[in-house]
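Right, one structure below, let's go through it.
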Amino acid sequence: MIDLEEKQERVLLAGVETAENFQAFESSMIELAELTKTAGGLVIDQFTQKRERPDSRTMIGSGKLEQMRWAIEVGEIDTVIFNDRLSPRQNVNLEEALGVKVIDRMQLILDIFAMRARSHEGMLQVEEAQLNYLLPRLVGQGIMLSRQGGGIGSKGPGETKLETDRRYIRTRIENIDKALKKVEKTRENIRQKRSKSGIFRIGLIGYTNAGKSSIMNALVGLDKEQYEQNELFATLDATTKAVKLVEDFTVSLTDTVGFIQNLPTELIKAFKSTLEESANVDLLIHVVDASNPHHEIHEQTVLKIMEDLKLTNIPVLNVYNKMDLVKEDFVPTLAPAVQLSIKSEGGVQWLKTAILEKIHDLFEPFEIEMAYEKAYQLPELRKIALVQSVVEGEEGYQIKGLIAPELSWKLNEY
């Protein structure tokens, strides 16, 4: 019988707690273990140290480094993963001192993105992020420059001669940039068409594994199911689907990549066009995993990234998901908010009701008369407006309802 543990890369985690990161340190170390598991690693041991500031040469102190050396030998460790971003020099020093492969949280996340990317655009975005991360780390000989053997930290561009050919990397980055600009132009054309259609646009946003894909599936319907899994970064590519909220009233719903603490700047840059999908919506649904004990830290992470992406001017509905897993009294920290479990009976209808209530607040009332010979246009009107009443009059239908202020001009067509 094959021992499954022997097939997994054996990993030791390490982190330095400082005055700057102490509030989120515990949750980030727990998250580092989850990220390692997602990447296919087996966490054998963990070392942390409190310091005023990280050691400039090796991030962690010499005494702790000696303990780690012993643990690596005893635990037959293959890889050490640091929770902090390592400089190229620190990376080399650590690999020389420990004698095994050393990567940091940033490279681990990049590795997972490489595993998860499915579309051509997603693969290009991840490769560009990895190349930008690796370029300054081509600093000589060492374990970190010979990763063709596989394992965590070797996904994506690891099979090319990164360590010897800086020119190749820069040329490849330029070529990817050109390809992504073409994709971005196509994406922008699609966005403009959606905008002209008059359909109300909703974007899902939130921390990774908060349940955004589950909400997308539930609202769209199982016949159009999107991949969902209880794991970090289950989906990367932006996906937009049509959702009928009530009668014929239809909205577009866009799901994008989830966020995480210390999301590598290389990824934010590479995924700029994808993340901009969230900037072109009329309403954001911020999904929070209420069952996660560190959900408040997750909320603050998402709010900070929303600020960086200039999304703070877009109306937000906060949805606390997975309430069925909450074991004690729960008090939401964000408002307005709705609490539910999207997979529970009634969860979908509860969410639809909350979305409609939010839309009611954003729309303005209208009253028009539609000639009987134009009755064929009524279904089209119902798609972009919340029609509340249709009464037959002497010369046509008296219609009352609500519509987005920026779409009120379309009423002239009816």
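Reckoned from all heavy atoms, side chains included, excluding hydrogens, waters and symmetry mates.
Between Glu247 and Val387, the shortest heavy-atom contact is OE1-O, 4.4 Å. Of all the heavy atoms in Asn83 and Gly15, the pair that sits closest is CB-CA, 4.1 Å. Ala218 and Ile342 make their closest contact through CB-CG1, 3.6 Å (heavy atoms, listed as atom of the first residue, atom of the second, distance). Ser214 and Lys343 make their closest contact through OG-CE, 3.7 Å (heavy atoms, listed as atom of the first residue, atom of the second, distance). Scanning all heavy atoms of the two residues, the minimum distance from Leu110 to Gln130 falls at O-NE2, 3.8 Å. Residue Lys352 comes nearest to Lys244 through the heavy atom pair NZ-O, 3.5 Å, listed as atom of the first residue, atom of the second, then distance.
Between the side chains of Thr333 and Glu299, at least one donor N or O sits under 3.5 Å from an acceptor N or O. Side-chain atoms of Tyr133 and Glu128 form no donor-acceptor pair, as typed in the model, at a separation below 3.5 Å.
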Original post:
Should Asp324 and Ser344 be marked as a side chain to side chain donor-acceptor pair (under 3.5 Å) after you check the CA-CA gap, both sets of side-chain angles, and the distance that decides it?
Top reply: CA-CA 8 Å; Asp324 56 319; Ser344 66; over 6 Å; no

**OP:** Any chance you could lay out the side chain to side chain contact (heavy atoms under 4.5 Å, CB included) test for Val11 and Leu42, step after step, and finish with the verdict?
**Re:** CA-CA 6 Å; Val11 177; Leu42 178 67; over 6 Å; no

**OP:** Check the pair Asp255, Ser213 against side chain to side chain donor-acceptor pair (under 3.5 Å), reporting the backbone distance first and the verdict last.
**Re:** CA-CA 7 Å; Asp255 183 18; Ser213 294; 3.2 Å; yes

Original post:
What do the steps show when you test Ile403 against Leu386 for side chain to side chain contact (heavy atoms under 4.5 Å, CB included), and what is the final call?
Top reply: CA-CA 6 Å; Ile403 195 168; Leu386 288 168; over 6 Å; no

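A donor-acceptor pair is defined here as one N or O able to donate and one able to accept, closer than 3.5 Å; no such pair exists between the side chain of Asn321 and the backbone of Val288. The backbone N or O of Ser341 lies less than 3.5 Å from no partner atom in the side chain of Tyr320, so there is not a single donor-acceptor pair. Looking only at distances, no side-chain donor or acceptor of Asp55 sits under 3.5 Å from a matching main-chain atom of Gln90. Under the 3.5 Å distance criterion, the side-chain polar atoms of Arg53 are left unmatched by any main-chain donor or acceptor of Thr18. Between the side chain of Arg105 and the backbone N or O of Ser28 there is at least one donor-acceptor pair closer than 3.5 Å.
Under the side-chain hydrogen bond (donor to acceptor under 3.5 Å, both in side chains) test applied with Tyr207, the options Gln300, His286, Glu31 reduce to a single match, Glu31. Just one residue in the list Leu356, Val243, Asp282 forms a side chain to side chain contact (heavy atoms under 4.5 Å, CB included) with Val251, and that residue is Val243.
Counting heavy atoms of neighbouring residues, nucleotides and ligands inside a 6.0 Å radius, atom CG of Asp329 does not exceed 12 of them.
Considering CD1 of Ile60 and CG of Leu94, their distance stands at 8.5 Å, rounded to 0.5 Å. The CD atom of Gln23 sits 13.0 Å away from atom NE2 of His294, with the distance rounded to the nearest 0.5 Å. Of the inter-residue distances, the one linking Ile173 atom CD1 with Leu135 atom CG reads 5.5 Å to the nearest 0.5 angstrom. Residue Leu253 holds its CG atom at 10.5 Å from NZ of Lys212, rounded to the nearest 0.5 Å. Leu340 CG to Leu351 CG: the interatomic distance, rounded to the nearest 0.5 Å, is 5.5 Å.
Here the side chains of Leu86 and Val102 are in contact, with some heavy-atom distance below 4.5 Å. For the pair Ser27/His298, no side-chain contact is recorded, criterion being any heavy-atom separation below 4.5 Å from C-beta on. For the pair Thr254/Met216, no side-chain contact is recorded, criterion being any heavy-atom separation below 4.5 Å from C-beta on. Annotation: side chain of Arg69 is in contact with side chain of Leu98 (closest heavy-atom distance under 4.5 Å). Residues Thr48 and Met29 form a side-chain contact, since some pair of their non-hydrogen atoms from C-beta on lies under 4.5 Å apart. Using a 4.5 Å heavy-atom threshold, the side chains of Ile72 and Leu12 count as touching. Side-chain contact between Leu402 and Glu364: absent, with no pair of heavy atoms (C-beta onward) separated by less than 4.5 Å. Looking only at side-chain heavy atoms (C-beta outward), Leu13 and Phe47 stay at 4.5 Å or farther from each other.
For Asp45, the side chain to side chain donor-acceptor pair (under 3.5 Å) criterion is met by no residue, not counting sequence neighbours.
In this structure, Arg85 does not pair ionically with Asp104, as no charged nitrogen and carboxylate oxygen lie closer than 4.0 Å. Look at Glu380 and Lys383 and you find a salt bridge, because one of the NZ, NE, NH1 or NH2 atoms lies within 4.0 Å of a carboxylate O, short of that distance. Under 4.0 Å is where a charged nitrogen must lie from a carboxylate oxygen, and between Lys410 and Glu413 at least one such pair does.
Classification of the Phe363-Phe249 ring pair by plane angle, with boundaries at 30° and 60°, yields perpendicular.
A ring-centre distance under 6.0 Å is found for His295 and Phe330.
Listed by first then second residue, pairs satisfying side chain to side chain donor-acceptor pair (under 3.5 Å) with a partner in residues 169-183 read Glu127-Arg172, not counting sequence neighbours. Pairs passing the side chain to side chain donor-acceptor pair (under 3.5 Å) check and including a residue from residues 70-81, sequence neighbours excluded, read Glu9-Thr79.
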